[in-house]
Amino acid sequence: MNETAHKKRLNRALLWQLSAFVAGSFAFGWALIPLYDVLCEVTGIGTQKNLTTAAAATPLIVDSQRLVTVEFMTILPTVGNWEFEPEQPSMQVHPGELYEAKFVAHNLTGHDTVAQAIASFAPSKASAWFHKTECFCFTPQKFQTGEQRSLPVRFYVDPALPAYLDRVTLSYTFYDLK
């Protein structure tokens with residue numbers, strides 16, 4: 001009887017400890033957003049509100065004297081399940097001007113699926129001056145069996161792009177999420 005009471009007391013203590021751990025984890029998760037905002041302000045990155053206001057307030061200055069070639073590439077990690085390619089292989093852009101490029105994706109997996117595109121740049125340092133304002137890569141894309149769709153990306157190249165960078169490659173790897 002004494003041993004049973006001791007086990008119940010230990011189990012009750014463990015239950016309280018686990019409950020406190022769960023409550024602490026929930027509180028920490030709840031506090032992450034304000035903590036992230038404070039961290040962004042302290043480091044100078046800025047909050048989402050400040051960044052949105054700054055982006056809206058900064059007018060784009062188009063450098064019509066300069067042309068930058070933007071090449072588009074696609075990569076499929078598995079062969080045969082998708083067709084994914086740019087509508088045009090490259091375009092000449094003026095830094096500061098907003099452009100739209102389209103990619104075509106065709107689901108050949110034989111079932112409804114969700115896919116995600118991941119962007120990369122070459123040279124990689126050009127990514128600091130390449131700004132996507134709207135992109136299919138921001139969210140997973142749902143595709144029906146056999147569906148083919150045009151996927152747009154709207155972008156501009158920052159006029160502050162160094163002069164020695166006259167060619168930027170935007171590459172997307174298209175993954176089937178499972």
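We're numbering straight along the sequence, starting at 1.
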**OP:** Check whether any side-chain heavy atom of Thr109 lies under 4.5 Å from a side-chain heavy atom of Asp176, and answer yes or no.
**Re:** yes

Original post:
Is Leu18 close to Leu14 at the side-chain level, that is, under 4.5 Å between some pair of heavy atoms?
Top reply: yes

**OP:** Kindly indicate whether the side chain of Asp112, heavy atoms from C-beta on, has any atom under 4.5 Å from the side chain of Lys142.
**Re:** no

Original post:
Run the side-chain contact (heavy atoms from CB on, under 4.5 Å) check on Val104 and Gln148 step by step: do they pass?
Top reply: CA-CA 7 Å; Val104 177; Gln148 181 173 330; 3.4 Å; yes

**OP:** Using side-chain contact (heavy atoms from CB on, under 4.5 Å) as the criterion, list what pairs up with Leu15, not counting sequence neighbours.
**Re:** Ser19

**OP:** State plainly whether one hydrophobic cluster holds both Tyr99 and Val157, where clusters connect Ile, Leu, Val, Met, Phe, Trp and Tyr through side-chain heavy atoms under 4.5 angstrom apart.
**Re:** yes

Subject >> For Glu147, salt bridge (Lys or Arg N to Asp or Glu O under 4.0 Å) partners two or more places apart >> reply: Arg149

Subject >> Polar side-chain atom of Glu134 near backbone of Pro152 as donor-acceptor pair, under 3.5 Å >> reply: no

Subject >> Check: Phe136 ring centroid to Phe103 ring centroid under 6.0 Å >> reply: yes

Under 3.5 Å, sequence neighbours excluded: what are the donor-acceptor pairs made by side chains of residues 159-175?
from   : atom 1 : to    : atom 2 : distance (Å)
Arg167 : NH1    : Glu71 : OE2    : 2.7
Thr169 : OG1    : Glu71 : OE1    : 3.0

**OP:** Could you tell me which residues satisfy side-chain hydrogen bond (donor to acceptor under 3.5 Å, both in side chains) with Thr74, sequence neighbours excluded, listed by chain and number?
**Re:** none

Side-chain polar contacts of residues 87-97 - donor-acceptor pairs under 3.5 angstrom, sequence neighbours left out - could you list them?
from  : atom 1 : to     : atom 2 : distance (Å)
Glu87 : OE2    : Ser150 : OG     : 3.3
Gln88 : NE2    : Ser90  : O      : 3.2
Gln92 : NE2    : Thr69  : OG1    : 2.6
His94 : ND1    : Ser64  : O      : 3.4
His94 : ND1    : Arg66  : O      : 3.0

Compile the donor-acceptor pairs under 3.5 Å between side chains in residues 117-133 and protein atoms, sequence neighbours left out, one pair per line.
from   : atom 1 : to     : atom 2 : distance (Å)
Ser127 : OG     : Ser124 : O      : 2.9
His131 : NE2    : Asp158 : OD2    : 3.4
Thr133 : OG1    : Arg154 : O      : 3.4

**OP:** Keeping the roles fixed (side chain from Gln116, backbone from Cys137), state whether a donor-acceptor pair exists under 3.5 Å.
**Re:** yes

Original post:
Can you tell me if Asn107 uses its side chain to pair, donor with acceptor, with the backbone of Gln144 under 3.5 Å?
Top reply: yes

**OP:** Applying side-chain hydrogen bond (donor to acceptor under 3.5 Å, both in side chains), name anything that partners Asp63, two or more places apart in sequence or on another chain.
**Re:** none

Subject >> Of all pairs that satisfy salt bridge (Lys or Arg N to Asp or Glu O under 4.0 Å), the ones with a partner from residues 5-22, not counting sequence neighbours >> reply: Glu3-Lys7

